[in-house]
Every structure is written in C-alpha cells, then in structure tokens.
2 protein chains.
Amino acid sequence: MDTPASAPKSARRMVREELTRRIADTARAHLARSGPSGLSLRAVARELGMASSAVYRYFPSRDALLTTLIMDAYNSLGEECEAAEAGVDRSDLARRHLTIARSTRNWALAHPHEYALIYGTPVPGYQAPPDTVDPATRVTRLLLGLIADAEASGCHPPVDPRISASTTRDMEDLMERVGTRISPGYLFVSLGLWAQLFGLISFELFGQFNNVVEARDDFFDDQARHMARLVGITEGD
Amino acid sequence: MDTPASAPKSARRMVREELTRRIADTARAHLARSGPSGLSLRAVARELGMASSAVYRYFPSRDALLTTLIMDAYNSLGEECEAAEAGVDRSDLARRHLTIARSTRNWALAHPHEYALIYGTPVPGYQAPPDTVDPATRVTRLLLGLIADAEASGCHPPVDPRISASTTRDMEDLMERVGTRISPGYLFVSLGLWAQLFGLISFELFGQFNNVVEARDDFFDDQARHMARLVGITEGD
DNA sequence: AAGAAAAAGAGAGCAGTGCTCTTGCTTTTC
DNA sequence: GAAAAGCAAGAGCACTGCTCTCTTTTTCTT
C-alpha cells in the first residue's frame, strides 16, 4: 500500500495527531498563564473533557509534554526571526542584525513563559533529547550567517579579541550547516554578542532591570546597535 | 533588663532562631539536590524530625522559605565577590574586573541552583519583597564602583555608544550609594557588559554552551578580558 | 464478513505535595 | 499561681504525576 511517511494518515492516526496537537495547545495556554511548574496534566485533561489517564496515551509523561512545548517554542522563535530577517536587504548588515535582535526580544516579550522554558532555568529532571538540538540552533544559525556575511564583506571587530582558548571546536558543524567559515577571533566576539543579546532579554524578562532601566524599547535598540558596532557592523553600510 | 536589639535572645527566641536557621540550611541542601521546584517543605520537616505543620511556625509559606534562600544567595554571592575584589590593588582596574567576573562565575558553578534561583526564571507566584533589593545589588554596586573608578582615571569605551534613550533614571540612587557618578554613555556600555557577564554564565550553566564551547575556563577568562577592553579597561594598566 | 489484535478511554488507587485547623503541651509573662 | 503566648503534632482538604485494571472502539487479518 502506498503509505509514504508524509501522508499515511490511517484515519485513526489523523484523529490521534489532532488530539495530540490539542493537548499541546491547551498545555501551552496553561503554560502562558501559570508557568512551567504550574502546568498540570490533570488540568489540561479536565479542560479537554477527558480522563487524566487518557492523556498518557499521547504523552508518556509530563516531561514529554514539556519537550514538545520546548521544541515548539524553539521553532516558533526561529520561524519569527527567520521570517523577519528574510525580508531585509541582505547587504544591509546593520538592519539584519537589528531585525534579528528585535524579533528575538519581541517574541520573548510576547511569549515570556515559553522564553523562560528555553532560555531560563532548565526544568529539574528534564534532559533534552537530541531532537531538540536542531530547532534550538535556528536563531543561532541566523546570527552565524549574518556574522559570516559580515566578515566576508570586510567587517572586523574594532577591538581585537586576543583569544588564547580554542573556543570553537564543536562549532565546526554548525558553521558547516550555515555554509561558511568564520575566523576564530570573529567567532569569539560573536559569542560574546550572542550572550549579551540573551543576557539583555533575560534581565528584562526576569526582572533584573526593574527600577534600573525604564525606556526598555529605546534602551534595547541602542544596545543592539552598539552590539553590532562591536562586531564591526556599522549603520549606513 | 539590658536587651539591645542585637542580643535580647529570651532563650526561647534563641532556639527559635537556631531552628529557623536549621530549616533554611536543610532547605538549601535540598535545593542543591533537586532544584527549586523539588523543594518540599514536607521533606525538609521529615529530615528535621518534625511534623510538616510545625515548619509553618517558622516560615508562613513555601515562598517565604524561598525568599530567605534568595536573600541568602544574593548575600553569599555578594560577599564572595566583595571579599575577592577587596584583595586586589584598587588601581589595577583590569585585575579588579577579572576578579569580579571570575568570582561571580565560580560562585555560580559552585551553587548552580542558587544561581538559578536569583538569575534564572523567577519562581511563578513569587513576588520579591523590598528587602531583597539591597542584597540583590551587591555585585552590581561592585561593578558600578569599578566603572566609576575607571572613568575617573580616564578610561572611556573604545566604541562610542551613541545612545538616544534615557537609560539611567532609576539608577541615580544606586550610583549615589556607591558614591560616584558615571556619565550616561559610560554607564550604558557598562549595562551591556553587565548583561554579557551574566549572559555568559547563564548560557554555560543552563546548557546553551553544550557542544558549542568546550574550554570553558579559558573561554570565560578571554571573554572577561575582552569585555573589560570594551569599557576601556586594558591590561597592564 | 468474522474473529483476533491493537489502540483508546475511564476509573480507582498510590504516594506525594502545600496548607489549614484543631487539639494538646510547654514556656513565658503578668 | 493564673493567664497568655508560643510551639508541636495529627488529621484532613484539595491537588499533583503516574500506574493499573477494565471496558469499549477501531483496525488488521484470515
């Protein structure tokens, strides 16, 4: 029988996938209200009108449900960033960077609990399965692509990094996927930029900027622009 | 009776304080093993050989216990950083910065769950009482003092920030406590450095650097040194 | 088409949680 | 010495994740 992996859908498989999706959606809604620790499998089942034990036919454990939400979150963030960056003139490096930074922050502000799920404290017993590593690197790959283009077009950090450590060993394959190579020094600076971007967002989201920074939008834009200049990307390029 | 606020200790008060301390210590030990969500009041009571309800005489709720642990964590980190930085020649700005950065990271690596408690995802229903704001700013104040000294001794960021936002309104009193003023541009760059420092530590601790960065110690030192140069602090000062 | 097999739902139950309330007991205070 | 306050313990409530059994429904095979 012709059952290609993409569309077998034996009628029962379809309703199963549908219900699986509905459970995940309901769980995501609960997550947005009560946070990860407040996510109750029973409450999800209750809202869907099914017995709590029935949910276990679809997700073997609460952690499995969380894994799905984590993957979805990574993909949601990745898609939004990719879509936004795709609409920018690829030679306008400054704009591309600002777009990625803004998209990430906007997504985080719109989905704080999902952001916390992927960039906050890891859930206690949870161990990320290998499937998550690919979606997790989507925005990272976007940044890497930008950095590679920047270096290719002659950008270089205004402050020499002077690195002594081999920082990029396991990053080779990531660069290979992006299709470019980046010099160690430039990559080193980019990792700092990466950490700073998510440090800023986490600080804002997790309350560290409360009573410290007030004009958050403008502040972030300024910081983003400054960060770009730290990797040699200047405006009006 | 001579009962100054520091040592009244009506014999019952003493045993109460002692038991309060023991509960917090046991809770901290449990926290280090199972994380914040795994912290069970009942388990703590069990280990201490008392009824779970008895614990509520000392901490009105689980959140109250967490508040204590959070304050302790801030103070523990603050003390360690302050002690380390105090032993450095105050004119050696680069060394002071590296010391603060290293101390923060080392403390975080030694107390990952406590770090997560204060710089990770905020606990869901938890609202930080005003008492926590002072311990929370100890390491921030340390950095501010360094930055102020740096600017006073003629340091300036090698890359002009070009800020347009008013970022520092509510920070005035913090600077006042440190006893110095910092120019907006310099402070702006310092906030970026602050975010980058904790971004790096969070990434390392929360697993974002898994399979990306391997020689963590050297990498962090390099990043720290680079960060210092981004605020105009150069080695061999 | 009929029977076997697989999948799905529902309910009871276990061990655990935070938290409250009531009941006794001890210590402090008047 | 009596009253007041502080403390410990236990029972109990409503909730959790998860497992087990039992029944129903759908699918696959002969």
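Throughout, protein chains are lettered first and strands after them, A, B, ... in sequence-line order, and every chain is numbered starting at 1.
- For R57(A), no side-chain nitrogen or oxygen approaches OP1 or OP2 of dG9(C) to under 4.0 Å.
- For L109(B) against L205(B), the heavy-atom pair with the smallest separation is CD2-CD1, 3.5 Å.
- Contacts of Y58(B) with the nucleic acid, taken as non-hydrogen atoms under 4.0 Å apart, involve only primed sugar atoms and P, OP1 or OP2.
- Atoms CD (E18(B)) and C1' (dC7(D)) sit 16 Å apart, rounded to a whole Å.
- Nucleotide dA8(D) holds its P atom 13 Å from the CZ atom of F59(B), rounded to whole Å.
- Listed pair R46(A) / dT16(D) meets the phosphate criterion, a side-chain N or O lying under 4.0 Å from OP1 or OP2.
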Which pairs of donor and acceptor atoms, one on a side chain in residues 25-33 of chain B, lie under 3.5 Å apart (sequence neighbours left out)?
{"unit_1": "D25(B)", "atom_1": "OD1", "unit_2": "R28(B)", "atom_2": "NH2", "d": "2.8"}
{"unit_1": "D25(B)", "atom_1": "OD2", "unit_2": "R21(B)", "atom_2": "NH1", "d": "3.1"}
{"unit_1": "T26(B)", "atom_1": "OG1", "unit_2": "R22(B)", "atom_2": "O", "d": "2.7"}
{"unit_1": "R28(B)", "atom_1": "NH1", "unit_2": "D72(B)", "atom_2": "OD2", "d": "3.2"}
{"unit_1": "H30(B)", "atom_1": "NE2", "unit_2": "E47(B)", "atom_2": "OE1", "d": "2.7"}

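- Between R12(B) and the phosphate of dG6(D), there is no side-chain N or O to OP1/OP2 separation shorter than 4.0 Å.
- Look at CG on L41(A): it is 19 Å from P on dT17(C), rounded to the nearest Å.
- The base of dG18(C) sits with one of its N or O atoms less than 3.5 Å from a complementary donor or acceptor on the side chain of R42(B).
- Residue-level contact check: L19(B) touches the backbone only, with heavy atoms under 4.0 Å from sugar-phosphate atoms and none from bases.
- Residue-level contact check: L39(B) touches the backbone only, with heavy atoms under 4.0 Å from sugar-phosphate atoms and none from bases.
- Comparing A43(A) and S53(A) against DNA chain D, the residue whose closest nucleotide sits nearer the 5' end is A43(A).
- Atom pair M50(A):CE and dG11(C):P shows a separation of 13 Å (rounding to whole Å applied).
- Of all nucleotides listed (dG9(C), dC19(C), dG17(D)), dG9(C) comes nearest to the side chain of A54(A).
- As a whole-Å value, the separation of R62(A) CZ from dG16(C) P is 18 Å.
- Within the structure, a side-chain polar atom (N or O) of R16(A) is placed less than 4.0 Å from OP1 or OP2 of dA8(C).
- Shortest non-hydrogen contact noted between A228(B) and H97(B) is CB-ND1, 3.5 Å.
- Regarding H30(B), its NE2 atom lies at a distance of 14 Å from the C1' atom of dT17(C), rounded to whole Å.
- For S40(A) and dG17(D), the shortest distance from a side-chain N or O to OP1 or OP2 is below 4.0 Å.
- Taking atom CD of E47(A) as the reference point, atom P of dT16(D) lies 13 Å away to the nearest angstrom.
- Contact annotation: Y56(B) does not reach the phosphate of dC21(C) (side-chain N/O to OP1 or OP2, under 4.0 Å).
- Between the side chains of Y74(B) and T137(B), no donor-acceptor pair of N or O atoms lies under 3.5 Å.
- As judged by a 4.0 angstrom heavy-atom cut-off over every strand, L65(B) is placed among residues making no nucleic acid contact.
- Checked by atom type, the side-chain pair S61(A)/Y56(A) shows no donor-acceptor distance below 3.5 Å.
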